[in-house]
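Notes to accompany the following structure.
Keep in mind that the numbers below use all heavy atoms, side chains included, and drop hydrogens, waters and symmetry copies. When a ligand or atom number is given, it counts from 1 through the structure's own listing order.
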Amino acid sequence: MKIAIGNDHTAVEMKREIVAYLKDMGHEVINLGTDSTQRCDYPVYGERVAREVVAGRADRGITICGTGVGISLAANRVPGVRAVVCSEPYSAVLSRQHNNTNVLSFGSRVVGTEVAKLIVKSWLDAEFEGGRHAERVRMLDDIH
Ligand code: RB5
């Protein structure tokens, strides 16, 4: 898969580890985040990743800030994005199966790197189930 990743200053090291992990799994990674620990604004990176996914230049997006909250809110402002913020794998999997999420967010100050990897792998492996969930996702996408 082609995966766009974005982060703010709180998540530079975690981003590096997640990028290496994704590449080890054979994914292509587009790094749209900051590589500097100088303070910056998470909405910039949430939007960048979101636009990459919506434009079809990436299959999925991953966004990381201190909590995962701000950057997921930014991504969710872009129509066509369904971003979920997770600190455990169960929600990550269900968000794929039921909500067809296309952006995954988590917090560098909330989860450790190994838990983050587990969340990423579970989310990437899970498939949207369609069926009764498809209409609900359509309803979500109709909210502007
Ligand atoms: C930065 O201090 C912090 O506010 C940001 O990383 C994120 O947690 C916002 O939601």
Just the distances, no angles: every ligand 1 N or O to protein N or O pair closer than 3.5 Å, one line each.
| from | atom 1 | to | atom 2 | distance (Å) |
| --- | --- | --- | --- | --- |
| ligand 1 | 2 (O) | Arg109 | NH1 | 3.4 |
| ligand 1 | 6 (O) | Asp8 | OD2 | 2.6 |
| ligand 1 | 6 (O) | Gly66 | N | 2.7 |
| ligand 1 | 8 (O) | Gly66 | N | 3.2 |
| ligand 1 | 8 (O) | Thr67 | N | 3.0 |
| ligand 1 | 8 (O) | Thr67 | OG1 | 3.3 |
| ligand 1 | 10 (O) | Thr67 | OG1 | 3.3 |
| ligand 1 | 10 (O) | Gly70 | N | 2.9 |

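When every heavy atom of His133 is checked against every heavy atom of Phe128, the shortest pair comes out as CB-CE1, 3.8 Å.
Here the side chain of His27 pairs no donor or acceptor atom with the backbone of Lys2 at under 3.5 angstrom. Side chain of Arg48 to main chain of Gly33: no donor-acceptor pair is present (N/O by atom type, distance under 3.5 Å, no hydrogens or angles). For Thr34 (side chain) and His9 (main-chain N/O), no donor-acceptor pair under 3.5 Å exists by modelled atom type. No donor-acceptor pair under 3.5 Å is formed between the side chain of Asn102 and the backbone N or O of Arg60.
Identified under the ring-ring contact (aromatic ring centres under 6.0 Å, His included) test for residues 36-83, with sequence neighbours left out: none.
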